[in-house]
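Read the structure below first, then the notes.
Order of listing sets the numbers, starting from 1, for every ligand and every atom in it.
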Amino acid sequence: MESTEKVLRLKNVTMTYGVKRVLNGINLEVERGQIIGYIGPNGAGKSTTVKIMLGLIQDYVGQVEIFGTDIASGDTSYKRRIGYVPEQAELYDTLTAMEYLVFTGELYGLDRKYAEEKAQKLMEEFELGEVLHSRISSFSKGMKQKVLIISSLLHNPDLLFFDEPLSGLDANSMMIIREMLAQLAAQGKTIFYSSHIMDIVEKISNRIVLIVNGAVVADGSFEELQELSEEGSLSGIFNQLTGFTDHVSRSERIISIVEGGNADG
Ligand SMILES: Nc1ncnc2c1ncn2[C@@H]1O[C@H](COP(=O)(O)OP(=O)(O)OP(=O)(O)O)[C@@H](O)[C@H]1O
């Protein structure tokens, strides 16, 4: 595999829901080993882009290639090389963690015994060894999130889509995931990381793509984005590039409404 292999290529991708255009011609090329921080305001179109790449939305316009294959070609073998941590997942609450992980491992074509062994080892590393055979319904939010992360990794994918993967995780677990992603990228895995936690995106990504209203408005390393802006932090750059300057007056109005005063006042 060439080190500059294009893992992802989006050509002029547009998506419309009814009369509402939510993606406005996204162009993106991602090379092997990159960690892309995919950021943007609520409703900008991030999840829609990810769902298109996962093959969950098919009525887009434009072209999407993953590992060099057009995903509309009908060849779905690319999916075996992908891992996905959704922002919100319906975990099968009545299953135990082991049952869930073996089930998803087998979906990805893993041998049952191999999936069991790997699941057990990974659960232990995430300090969940004692609840391996407990029902997921008894798990805390962070514990469920760890199970999702493990299930995304079980088949050793080459491309990972992480949507707000650290939600609910404590500071120690966050540090492990951050380090693990950096090490995976160093080995040539590609990571598409979508989050609203700007200081983590700033630290973790070697390339940041900002989308606003379904279009890419900035694309580069954190240092390159800093050159576009007078702001020092990614959250400052985000505020500036999305044209957001009225947080003080907005909060004043909200509090005024809460207090029952004149909303304009
Ligand atoms: N199934 C759907 N039907 C109609 N509109 C939709 C659908 N899914 C998403 N949208 C709209 O598409 C736009 C983009 O949504 P999307 O979920 O991609 O945004 P996002 O950038 O992931 O937002 P967030 O940061 O809040 O998760 C939003 O205006 C949303 O209301």
CG of D170 to CD of E127: how many Å apart, nearest 0.5 Å?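 Rounded to the nearest 0.5 Å, the CG-CD separation comes out at 8.5 Å.
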So, taking the atom named CD in Q145 and the one named CG in L169, what distance separates them when rounded to the nearest 0.5 Å?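 Q145 atom CD to L169 atom CG measures 5.5 Å (nearest 0.5 Å).
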Under 4.0 Å between a Lys/Arg side-chain N and an Asp/Glu carboxylate O for R112 and E116?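 Here R112 pairs with E116 in a salt bridge, since their nearest N and O are under 4.0 Å apart.
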Salt-bridge present (D93, R135; N to O < 4.0 Å):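 Salt bridge absent between D93 and R135.
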Let me know which protein residues bring a heavy atom to under 4.0 Å of ligand 1; chain then number is fine for ordering.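 Answer by chain and number: Y17, K20, V22, P41, N42, G43, A44, G45, K46, S47, T48, H196.
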For H196, is there any backbone N or O sitting under 3.5 Å from a side-chain donor or acceptor partner on E164?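 Yes, the answer is positive, given that a donor and an acceptor are paired below the 3.5 Å cut-off.
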Side-chain (T104) to main-chain (L101) donor-acceptor, under 3.5 angstrom: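 Flag set: sc T104 to bb L101 pair under 3.5 Å.
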